[in-house]
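Predicted, not measured: the structure shown is a model, and the values here were computed from it. When reading the values below, keep in mind they use all heavy atoms of this one structure, side chains included, and skip hydrogens, waters and symmetry mates.
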Amino acid sequence: MKKMKFLFSTIISALCLTSCVDYGYGKDRSKFSDTIDKAWQDYGIDAYLNESGNTPEMFKKAYDRMMPLYGENQQIKGDNYNKALTAETRTGKYVGKCDADGVVSWKGIPFAKAPIKDLRFKAPQKLDDSDKVYEAYYFGHSSVQEKSIDELAGFYPQGEDCLNINLWNSAFDKNQKKPIMVWIHGGAYVQGGAVSPEYEGTRFVKNNPEVIYASFDYRTDMLGFINLSEVPGGEKYKESANLGLLDEVAALQWLKENAAAFGGDPDRITIFGESAGGGSCSALTIMPQAKGLFKRAIIQSGSSGYLLRTKEKTLEHTRKILEITGCKTVDDLLELTASDIEKVATIYGKSGPTAYTLPYLDGITLPLDIRAALDGNVRDGLEILSGTTKDEYEHWTHISGDPSINYKNMSAAMEKFANHLNSYELGRYNEFVKNLKKEQEDRGEPVSNYRCLVDQIGYLSFHAPCRYEARAHLDNGGKVYQYYFTEPSGGEFMHYTDPDTGVVRDYGAYHGFELIFEFANLELDQLTCSEEEAYHFGKIMQKFWVNFALSGDPSIKAGQIEGVDPIKWDAYDYESHAVMDLNHEECKIIEDPLKDNIDLMGDIYWSKLR
């Protein structure tokens with residue numbers, strides 16, 4: 001056993017060191033590395049990784065999938081390059097690649113200065129003008145992050161120089177002025193990246209040649225979201241708690257400035273994202289720095305209504321980082337290498353407080369009062385499409401590896417939540433729980449406390465914030481479209497044994513399952529329908545999104561998809577509560593099935609989820 005643990009530590013350490021491009025001051029190790037290594041052992045990280053399914057064998061499979069994508073873009077000297085595939089921007093000339101179907105891609109283009117050395121923990125800096133020529137063949141580095149088989153981007157080479165953008169155009173013509181759809185990746189603000197295979201844009205633009213698709217990376221975890229205000233030296237880093245969001249603003253600023261070079265229209269930019277990407281889209285709609293950078297937003301399973309991390313929680317996170325590293329000042333934190341930071345992210349993932357590295361309402365980047373901002377007219381002029389998946393929180397059952405552990409954590413979270421309710425709120429909460437159990441009975445299922453907890457957290461974390469934002473936008477005269485994704489997952493590995501009833505359950509329409517249809521990058525072992533049906537459903541879903549980006553109305557018109565009749569998508573309002581039910585059998589408008597429970601619980605989470 002000791003030999004196995006030593007082997008595991010050796011493999012993980014080697015992977016950390018070889019997959020991170022290090023800009024810590026030119027060293028693989030710092031004077032804090034020994035302290036971090038001791039924390040790794042003290043917190044039992046080897047066992048933690050094994051228990052969560054992140055074994056050396058699974059790591060190798062992930063590397064084998066991601067490393068063939070890797071390459072480093074080089075400067076091109078001389079005149080021997082393809083001018084027809086070259087986008088001439090203010091910051092350089094970038095030569096793309098054209099595939100057999102004529103889809104042109106540009107990958108790994110810097111949109112801001114690399115936030116390395118003295119720029120670590122600083123807001124993104126604008127690039128200098130340049131007429132140099134560069135390859136744009138390969139994705140840039142993923143942000144420095146914990147490796148997890150749930151987020152494959154972490155197995156692509158990581159580095160602090162991660163501020164890069166990628167674009168796909170079905171047929172490159174600089175005079176086209178196509179709308180641009182900009183994807184913001186998820187990963188709980190601690191992981192993920194644009195290189196993830198599920199976000200690859202070739203099929204998306206091939207199916208939808210009327211738009212350009214773009215994606216980018218931003219700083220995650222402690223490099224993107226750390227409050228340094230009470231760390232000695234932190235007075236120079238007032239924006240450090242929301243750097244990831246400021247990176248997103250910088251990407252949109254660069255794109256708006258250079259859109260025409262890729263055949264895009266800078267005045268028709270739509271942002272869309274899921275999970276932390278959806279939360280980012282929502283946050284961008286209320287950030288003054290992002291005003292005017294986009295016209296529309298598609299917010300998937302994310303909400304600024306969930307960005308309720310208090311100052312004390314941000315400082316708790318910071319104190320934990322200092323404890324793990326042994327650092328005492330910002331200058332100390334600047335000494336850490338990228339390899340150190342990747343290890344710290346892994347240790348924190350096991351040992352840190354449950355408040356994730358979420359954006360913080362600091363009054364600088366984000367308003368101090370999110371509810372007042374949403375109830376005000378902060379989103380004036382923006383058009384919104386948003387929604388959730390039916391079984392959001394089953395995703396955490398899926399990635400926990402052990403539902404009994406998830407059961408314990410959910411029970412503790414909801415007990416803590418209920419303890420903060422007054423008698424009136426507790427009465428509403430109890431009625432809410434009763435409704436959820438009745439819904440199980442109506443479906444012919446044995447009543448499961450575990451499933452009830454999954455549904456409770458799904459409502460409070462995703463469904464309720466989504467609808468509250470929609471209603472706030474509606475109250476201020478805005479138009480908003482809502483969806484409810486109900487397509488179930490299935491397959492050999494997509495089920496678990498309910499720890500309460502012993503019944504075998506599927507993960508259903510779990511958090512993020514819509515993405516394989518949205519980008520037509522299918523994971524065939526997760527489908528309950530045929531491959532042909534899945535691609536067909538994906539085309540319908542994509543067309544909804546693209547139509548919204550084109551005109552602000554997602555409805556599908558006659559002739560847009562072969563064999564598909566027109567599908568009218570009614571805007572959400574208080575009379576109809578219209579939401580689009582998305583699944584492969586039929587996409588149709590229904591009355592919001594979540595309405596009654598959201599009416600019961602909609603306001604409570606604002607003051608209690610802190």
Quiz item: Which residue, Lys568, Lys543, Gln560, forms the side chain to side chain contact (heavy atoms under 4.5 Å, CB included) with Ser555?
Solution: Lys568
Can you tell me which residue pairs pass the salt bridge (charged side-chain N to carboxylate O under 4.0 Å, His left out) test with a partner in [range], sequence neighbours excluded?
| range | answer |
| --- | --- |
| residues 471-484 | Arg471-Asp599 |
| residues 276-303 | Arg296-Glu383 |
| residues 545-556 | none |

Quiz item: Aromatic ring centroids of Phe172 and Trp106 under 6.0 Å?
Solution: yes
Practice problem: Give the ring-plane orientation class for Tyr483 versus Trp569, where under 30° counts as parallel, over 60° as perpendicular and anything between as tilted. | Solution: perpendicular
Practice problem: Could you tell me how the ring of Phe517 sits relative to the ring of Phe513: parallel (under 30°), tilted (30 to 60°) or perpendicular (over 60°)? | Solution: perpendicular
Just to verify, what does [X] make a ring-ring contact (aromatic ring centres under 6.0 Å, His included) with, not counting sequence neighbours?
| X | result |
| --- | --- |
| Tyr507 | His398, Tyr496 |
| His473 | none |
| His577 | Tyr572 |
| Trp183 | Tyr199, Phe272, Phe519 |

Exercise. For Tyr424, look at atom OH and say whether over 12 heavy atoms of other residues, nucleotides or ligands are found less than 6.0 Å away.
Key: no
Quiz prompt | Over 12 foreign heavy atoms within 6.0 Å of CD, Glu532 | solution = no
Quiz prompt | Atom pair OG (Ser275) and CG (Leu515), whose distance is rounded to the nearest 0.5 Å | solution = 9.0 Å
Quiz item: Between atom CD of Gln300 and atom CG of Leu385, what is the distance when rounded to the nearest 0.5 Å?
Solution: 8.5 Å
Using the side chain to side chain donor-acceptor pair (under 3.5 Å) criterion, which residues pair with [X]? Sequence neighbours excluded.
| X | answer |
| --- | --- |
| Asp380 | none |
| Lys438 | Asp442 |
| Glu439 | Asn597 |
| Ser196 | none |

Exercise. Would you check if the side chain of Arg65 reaches a backbone N or O of Leu152 as a donor-acceptor pair within less than 3.5 Å?
Key: no
Exercise. Verify whether one side chain among Glu425 and His420 offers a donor that lies under 3.5 Å from an acceptor in the other.
Key: no
Exercise. Give the intermediate values and the outcome of side chain to side chain donor-acceptor pair (under 3.5 Å) for residues Asn521 and Glu200.
Key: CA-CA 7 Å; Asn521 297 319; Glu200 212 282 333; 5.2 Å; no
Practice problem: Kindly indicate whether the side chain of Tyr429, heavy atoms from C-beta on, has any atom under 4.5 Å from the side chain of Met414. | Solution: yes
Quiz item: So do the side chains of Leu522 and Tyr535 get within less than 4.5 Å of each other, counting heavy atoms only?
Solution: yes
Self-check item: All side-chain contact (heavy atoms from CB on, under 4.5 Å) counterparts of Asp150, not counting sequence neighbours
Solution: Ser148, His395, Ile399
